Amino acid sequence: MSNTETNDPARSGRIGAPMRRVEDAALLRGRGRFMDDIPVPGLLHAAFLRSPHAHARFLNVDTARTRALDGVVAVFTFQDVRPQLATDRIPLALPSSAIRFDASPF
């Protein structure tokens with residue numbers, strides 16, 4: 001066989017053939033390691049609260065109770081981050097022409 005034929009997956013017999021992967025045993029037994037499993041000193045986590053109702057707006061947000069919780073480093077509202085934004089709308093990951101925005105209330 002020439003070198004071209006052995007490097008061609010269609011001729012190698014590998015297409016459609018089962019192949020064992022190195023990581024399968026650990027993953028199938030629940031022993032896989034992921035980036036989230038690696039402890040990083042001083043790492044902070046973020047959580048974003050959005051309304052469960054379409055087009056709803058939070059009119060009053062009292063962040064004092066959240067700030068008082070153990071482990072909470074900071075609480076930001078839209079008004080806190082608005083000066084840093086280029087627009088008043090948070091961009092969608094996948095823009096859709098089906099979504100139309102009303103004039104901003106801000």
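Predicted model only: the values in this text are computed from it and were never measured. Throughout, residue positions are numbered sequentially from 1 according to the sequence presented.
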Do any side-chain atoms of residues 29-42 form donor-acceptor pairs under 3.5 angstrom with protein atoms, and if so which ones, sequence neighbours left out?
| from | atom 1 | to | atom 2 | distance (Å) |
| --- | --- | --- | --- | --- |
| R29 | NH1 | A25 | O | 3.3 |
| D37 | OD2 | F34 | N | 2.9 |

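- A continuous path of hydrophobic side-chain contacts links V75 to L69 [ILVMFWY only; heavy atoms under 4.5 Å].
- The side chain to side chain donor-acceptor pair (under 3.5 Å) check on T77 picks up D80, with sequence neighbours excluded.
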_Between F78 and L85, is the side chain to side chain contact (heavy atoms under 4.5 Å, CB included) condition met? List the steps._
CA-CA 10 Å; F78 177 75; L85 300 176; 3.5 Å; yes

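- Annotation: side-chain contact (heavy atoms from CB on, under 4.5 Å) contacts of F48 (sequence neighbours excluded): A46.
- Considering only residues two or more places apart in sequence or on other chains, H45 meets the side-chain contact (heavy atoms from CB on, under 4.5 Å) condition with L43.
- Evaluation of the side chain to side chain donor-acceptor pair (under 3.5 Å) rule for R21 yields D24 as partners, not counting sequence neighbours.
- Residue pairs that meet the side-chain hydrogen bond (donor to acceptor under 3.5 Å, both in side chains) test with at least one member in residues 61-72, sequence neighbours left out, are T63-R67.
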